[in-house]
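Note sheet for the following structure.
The analysis underlying the following values was restricted to heavy atoms, covering all of them including side chains, and did not include hydrogens, waters or symmetry mates. Every chain is numbered from 1, with letters handed out A, B, ... down the list of sequences.
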Amino acid sequence: MTVAPDFLSHLNASQRQAVEHYCGPLLVVAGAGSGKTRALTFRISNLVMRHRVNPENILAVTFTNKAAREMKDRIETLFADRFAQEEQGKALELLPAFEQTKLRSRVYKTITKHLWIGTFHSLCARILRLEINKYKDEQGRQWEKNFSIFDESDVQSLIKDIVVNRLNLDDRKFPPRAVRFAISNAKNQGLSPSEYELENNNFRGRVIASVYSAYQDGLVANNALDFDDLIRILVKLFQQNEQVLAYWHSQFHHILVDEYQDTNRTQYDLLRLLTTNSEPVKSFKNWKNRSIFVVGDADQSIYSFRAADFTILMGFQQDFGDRLSDDETQTMVKLEENYRSTENILQAANALIENNTERIDKVLKPTRGEGEIIFCFRADDELHEAEFVVDQLRTLERENPEVNWGDFAILYRTNAQSRTFEDALVRWAIPYTVVGGLKFYDRREIKDVLAYLRLIVNPADTLSLQRVINTPRRGVGKTTLDRLAQAAQELGVPLWDILSDESSVKTLAARSSKPILKFVEMIQHWQGQLETQPAAEIIQGILEQSGYAQDLVMQGTDEADERLGNVKELYNAAIQFGEENEDQALNTFLANAALASDADNKDATDTVTLMTLHSAKGLEFPIVFLVGLEQGLFPNFRSLDDPAALEEERRLCYVGITRAQERLFISHARERRLYGSRESAIASLFLSEIPRDLMQLNSPLAIPKHKPEMTATPKTPKSTMPNTHAQDWTVGDRLLHKGFGIGEITHIFGAGDKICLAVRFPSMGQKILDPKITALQRVT
DNA sequence: ACACCGTGTATTTTT
DNA sequence: TACACGGTGT
């Protein structure tokens, strides 16, 4: 492989600085559309090509499977193109198809296959499959390597069972959903049940801790983990076992993280452990042949409700970096040039996000023309709004031959808003796709088959056992099952152990025992094939021999037909998996399937896209309609009295605006149907934050000239600023905050009056505060 | 086992 | 409004 990759010449100065970064920490603050995936993929290529880093020693973490896939693909293309240039003197795409395939497969075998690229969850699952038997939790509980991964509905039903049946709690006072949420949050902070109880030592806290504890019992009993535990338990294992950590620390020399603003506490702990081998971060200096390289944008942090904490990104330089100020630091690069959107759109985005206080100062710099003006439409109601949108769609499509339906996106805050647009699109026979809704792996029939697979691999998985033992009906009734389940409970063994013990089952009447024995025999038959048969074979066996497929055929309804189709789709997925992986074992296929949720993402066909703003993150469209900009809807009413939540809504709006490449339409309605009743609505606060000269309004009164009084961030005029000037603060100062107590300044962001303080509070952890709007009192 | 009806609930959801 | 869920009745 030759050195001196000249692909660097395609990069701008800051991209280049990021890509050429070799050892040590680097935070890449990547604005929307600034080429962050490029920076990531090019840097990985550069590490391998120029610095001769072994691909096995590179770890790249993403949040979605899609992002991981994309990264692998792009790296593969980079290398294949490079080989094409070097060996044939031609760009990859100019080679005949078979040559391209040959080159790609060579790149795969020598490079990309060896890279560790995946989501936090798949990475952790992969390591835990090897190491989990070395872990013991504080109660001495242990898991085996063939653990199941419970999905959200498994978790919900387990928690519900604990709340109402085991602990006999009032599920109105402790809604399983809310309890589940609290437990998940606790896990994402890295808290065990007892630690959670210590921090929440009130009635509610103690109850939740007891559910949490019983829930962990349930997971162990099923030899199962939930998504949160995949990460939390690996962190705990690393903390309690030096050798295991040391091994993985020495495995990963270069760690790269995408969407760093979305990391939560345990994910951060994991990265920190892997990077420093548990040395205190502040004293960690051994960056020889090592790096941590994180890419993110605090302005696009929209998942705090899932425990994502963008202050982790804000604190990167404090944690890993040189702790110097923004203009002196060597450990931060800002990618500010935007290659996606026209200038008007960027100006709107910049102006909007300026209203946030918790951020790293950054602007999107235009590289394209001024573009068309943004159009803002005030509709009478949601029907009128949809009519407007579809009208624009049709006109634009008709009058511009180069514009296709696939160029349009309609983005909204809540899924419930999609219907009106769907109706209007149907009326005009415009093809559209709604993103979201029921996912492939959430369909009942898919979960059924997966439950068979899980049971075969992990017989302790009682939840799966109960799902399939009578699916399709084979005469195993609820009472029989309850009796056996109770016996299992009393003996403290998995239900499967009772079922698979012939003499136990034979104590039942023959009418009950016969189908059970037959079922057990069937499962054992497939278990016997685990080592020898590929996943696809076993799936086919299940469909045929369990009667599942036949049952669907017999039903003969359209719905059953569709289910049958989906089940076959799963079989195809297994076939494809077998073709793409050396290891075709069911274990491996299942481990993968449990963490894949977007396998049914169809490729872009030429249809209008409808989706929530959350789903739109990371995507781009030539023409974007941002709809429903009304107080209470967007920003959502739940955020109106919480400044931090309101800022997150604003970031969501920022994400929406920055999806648009050429044209942006924004709309709001004066009246909207909500939960059956009509409510009048006023224009969103966010509309008033976009400069008027960037927008053309259909109605002069559409936007209030002054901000609606709902402004949740009370901006104190500078003259009455509380107690101190920004400049007065220095790192190390101690101060008092009304809500958080006494803390110490660990870092200062920005300069002048744009200053933000990172303050560590003993009880709250690190918070980013703006001294201009938060009352802070110095303490000595 | 299934159909029916009343009740409660309704942001976002990468894994 | 619309739906999912649980309880009841057949």
Listed by chain and number, what are the side chain to side chain contact (heavy atoms under 4.5 Å, CB included) partners of [X], not counting sequence neighbours?
X       : answer
A645(A) : S639(A), D642(A)
V220(A) : R141(A), W143(A)
I446(A) : F440(A), Y441(A), R443(A), L450(A), N566(A), L570(A)
N581(A) : F577(A)

Next item on the list: Check side chain to side chain donor-acceptor pair (under 3.5 Å) between W248(A) and all other residues, then give those that pass, not counting sequence neighbours.
Entry: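 Once residues adjacent in sequence are excluded, the partners of W248(A) under the side chain to side chain donor-acceptor pair (under 3.5 Å) criterion are E131(A).
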Next item on the list: Could I get the full list of side chain to side chain donor-acceptor pair (under 3.5 Å) partners for E559(A), not counting sequence neighbours?
Entry: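 In terms of side chain to side chain donor-acceptor pair (under 3.5 Å), with neighbours along the sequence ignored, E559(A) is linked to R563(A).
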Check: For F63(A) and dT15(B), are the ring centres under 5.5 Å apart with planes inclined under 30°?
Finding: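 Here the ring of F63(A) and the base of dT15(B) are not stacked, as the 5.5 Å and 30° limits are not both satisfied.
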Item checked: Close residues, residues 292-304 of chain A, relative to DNA chain B [heavy-atom separation under 4.0 Å] ->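 Correct list: Y303(A).
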Next item on the list: Please list, chain by chain and in numerical order, all residues satisfying ring-ring contact (aromatic ring centres under 6.0 Å, His included) with F174(A), sequence neighbours excluded.
Entry: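 F174(A) satisfies ring-ring contact (aromatic ring centres under 6.0 Å, His included) with no residue once adjacent residues are dropped.
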Checklist line | Length of the line joining L633(A):CG and dA10(B):P, which is rounded to integer Å | finding: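 Answer to the nearest Å: 16 Å.
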Next item on the list: Looking at every strand, decide which applies to S122(A) at a 4.0 Å heavy-atom threshold: base, sugar-phosphate, or nothing.
Entry: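 Contact class for S122(A): none.
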Next item on the list: Classify the nucleic acid contact of D262(A) as base, sugar-phosphate or nothing, counting any heavy atom under 4.0 Å across all strands shown.
Entry: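 D262(A): base contact, heavy atoms under 4.0 Å.
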Checklist line | Most 5' of Y675(A) and L595(A) on DNA chain B, judged by nearest nucleotide | finding: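 The 5'-side residue here is Y675(A).
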Please list, for nucleotides 2-9 of chain B, all pairs of protein and nucleotide N/O atoms separated by less than 3.5 Å.
{"from": "dC2(B)", "atom 1": "OP2", "to": "R473(A)", "atom 2": "NH1", "distance (Å)": "3.3"}
{"from": "dC2(B)", "atom 1": "OP2", "to": "R473(A)", "atom 2": "NH2", "distance (Å)": "3.4"}

Item checked: Salt bridge present between K236(A) and D137(A) (N-O < 4.0 angstrom) ->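 Between D137(A) and K236(A) there is no salt bridge, as every charged N stays at least 4.0 Å from the carboxylate O atoms.
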